[in-house]
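Numbered from 1 within each chain, the chains take letters A, B, ... in sequence-line order. Model, not experiment: these values are computed from the prediction.
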Amino acid sequence: MAKIIFITSDSEKIELEATSGSVMELAVQNGVQGIDGDCGGVCSCATCHVHVAPEHFAKTGPASEIEQDMLELDDDANEYSRLCCQIEVSEQLDGVVLHVAK
Amino acid sequence: MKRSEFADPFEQARNEQGIGKMQDQDDPVTMVLGLKDVRKCAHNWKTFQSGAKPGRIVVPSEVKIRDTRQIPFEVDPPEHGDYRAIVEPWFKRPLEDEYRTKLRAQIESLVDQVLTQEDVEVVSEFSLKLQSRALTLLLNTPYQESDVWIGWGTHVFRSEGEALDGDKASILYDYIDAQIERAAENPTDDLYSVLLNSEINGRKLSKEEVKGVMILTFAGGRDTVINAVTNSIAYFADHPQSLARLRDQPEITNRAVEELIRYFSPLTHMGRVVTEDTKVCPHGHDVKADSRISLCWASANRDAKTFENPNEVVLDRKVNPHVAFGFSHHNCLGATHARQIMHILLETLAAKVGSIDILNAKENIEDLDQFKRKVGFDSINVKFNPR
Ligand code: HEM
Ligand code: HEM
Ligand code: FES
């Protein structure tokens, strides 16, 4: 079980728990504002963009090359950006704070 | 070659030049072919604009047959964003349970119907009907309207052998004008009425603007959905084991939808008008101000630099950063609707259909000058066999 904390662009804090699936799925199932997950998680839509809190970046690791290619053209992207459909839920994530980009 | 195989005509040009050239009514087009280049150009709306003369960013060009600006398609930021904000919530309705339930009922009854027939011409008897009926949900208009649209046949804009036909296009334009007048006099809760009542920057949308949105909704969602559905039927005819797999592993349905859309890329490319002398691609091809480029989604989606085995349908492809629905500002507004159609179609076929026999097929080959691309079928006759 991992606890994952989302902070939306309206500064709303949403704490969720999960054991499996992707972080995007968790967010969509719980209606986290700003995460739409239009493509269902195949890394094609960029509607699941989050900024990982810098101090937690080791929990998620950096974006893959394919993610980076997508994020490169997103004006809100920074070095802590991830497409959260590409982050699998695991114990390792426990306590991670994710700022929703949109 | 199997009927459902769609070759990639762009491979060599993509790898060697990064671009292709196409002549079109004395307004030539430089086709951008690589995935990264297509994305970059799509993102850079200042240099590669959509808000040119109406019809010019469409290939073949429609400048000679229309003056109505399609909205939001032929508008650039920041106005583009204002229009998108008005229509986006409406185009997300396909995610609602009630919408999905109605769509499922439509698709199930159509599949039940074709299962009783010996010979089904898929384009006209299945895909066109499915697309037209589903559109009544998107517009929130009475189901019976779909009979009118089905009556137009598959080619509302084109007569036999002719690429563009102004007279035929006017059938659609006249229809939409009449609907807008009707909604202005007797508003309902359909899309026409909602748009007529919408405001942009403190004023009501004009009838001309409403027309621009409605024409686009009809035009953009017609051939694209028809090709996606028809080609998928051909794929399952050639791969009955994939139907069985979707039955056993329903959790891969979403990936299968995205993969089929990547592979078939129902919209081959879309144009932009260049606003300043510049270069496209790492190879640095010059393009001149006031010339046209096109963003070739179909080529980008077979780019081996990103996609492993790009020319195969890998039904459960996990990472699939395709651009079949476009990229950046103008990404497809109808994608939520199209994805729901495909998702429910795959579930329904898996549940009800055991196999499909192709009896006869006539391919639709798009002529892009330097390239000939199979985009779908003019007609394909099949027999659906129940499980
Ligand atoms: C599988 C089906 C579909 C595919 C592959 C597809 C593909 C695309 C692509 C590639 C674009 C980007 C065009 C550009 O960048 O200039 C686009 C835009 C658009 N599509 Fe689709 N489309 C599909 C279905 C639909 C449907 C069902 C509708 C509506 C009923 C629709 C309405 C639109 C609109 C309104 C735009 C313009 C959005 C804008 O400019 O902001 N499409 N589509
Ligand atoms: C008023 C607006 C539009 C008109 C009058 C129009 C007209 C046409 C015509 C004449 C064709 C046949 C081309 C040929 O056979 O050479 C066609 C095909 C097609 N159009 Fe459009 N179009 C419009 C808007 C759009 C938009 C906005 C999209 C997508 C976003 C779109 C997607 C397609 C596709 C995928 C085909 C199929 C190509 C094929 O199957 O051969 N159209 N359209
Ligand atoms: S959900 Fe589409 S890219 Fe993550």
request  = Determine whether more than 12 heavy atoms belonging to other residues, nucleotides or ligands lie under 6.0 Å from atom CD of A:Glu65.
outcome  =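 Counting neighbours around CD of A:Glu65, 12 or fewer heavy atoms of other residues, nucleotides or ligands fall under 6.0 Å, so no.
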
task = Might you confirm whether atom CD of B:Glu308 has over 12 heavy atoms from other residues, nucleotides or ligands at distances under 6.0 Å?
result =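 At most 12 heavy atoms, drawn from other residues, nucleotides or ligands, come within 6.0 Å of this atom.
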
message = If I take atom CE from residue A:Met70 and atom OG1 from residue B:Thr306, how far apart are they, to the nearest 0.5 angstrom?
response =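 A:Met70 CE to B:Thr306 OG1: 10.5 Å, rounded to 0.5 Å.
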
ask   = To the nearest 0.5 Å, how far apart are CG in A:Leu73 and CG in B:Asn44?
value =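 Between A:Leu73 CG and B:Asn44 CG, I get 9.5 Å after rounding to 0.5 Å.
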
ask   = If contact means a heavy atom pair closer than 4.5 Å, which residues of residues 316-338 of chain B contact chain A?
value =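 Those residues of residues 316-338 of chain B which have a heavy atom under 4.5 Å from chain A are B:Arg317, B:Lys318, B:Val319, B:Asn320, B:Pro321, B:His322, B:Phe327.
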
remark   = Among residues 80-95 of chain B, those lying within the under-4.5 Å heavy-atom range of chain A are B:Lys92

key: Worked verdict on B:His43 versus A:Asp74 for side chain to side chain contact (heavy atoms under 4.5 Å, CB included)   = CA-CA 9 Å; B:His43 187 64; A:Asp74 192 317; over 6 Å; no

task = Only counting residues at least two apart or in another chain, list the ones meeting ring pair (Phe, Tyr, Trp, His ring centres under 6.0 Å) with B:Phe10.
result =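 Here the qualifying residues are B:Phe371.
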
ask   = Is there side-chain contact between A:Glu72 and B:Lys36, with at least one heavy-atom pair below 4.5 Å?
value = no

Region of B:Arg39 that comes under 4.5 Å of a non-hydrogen atom in chain A =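 Both backbone and side chain.
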
request  = Select all residues of residues 32-49 of chain A having any heavy atom within less than 4.5 Å of some heavy atom of chain B, and report them by number, or 'none'.
outcome  = A:Asp36, A:Asp38, A:Cys39, A:Gly40, A:Gly41, A:Val42, A:Cys43, A:Ser44

Proximal component of A:Ile66, with respect to chain B [non-hydrogen, under 4.5 Å] = side chain

query = Non-hydrogen atoms of chain B under 4.5 Å away: do they reach the side chain of A:Glu67, the backbone, both or neither?
reply =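 Neither part, no heavy atoms under 4.5 Å.
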
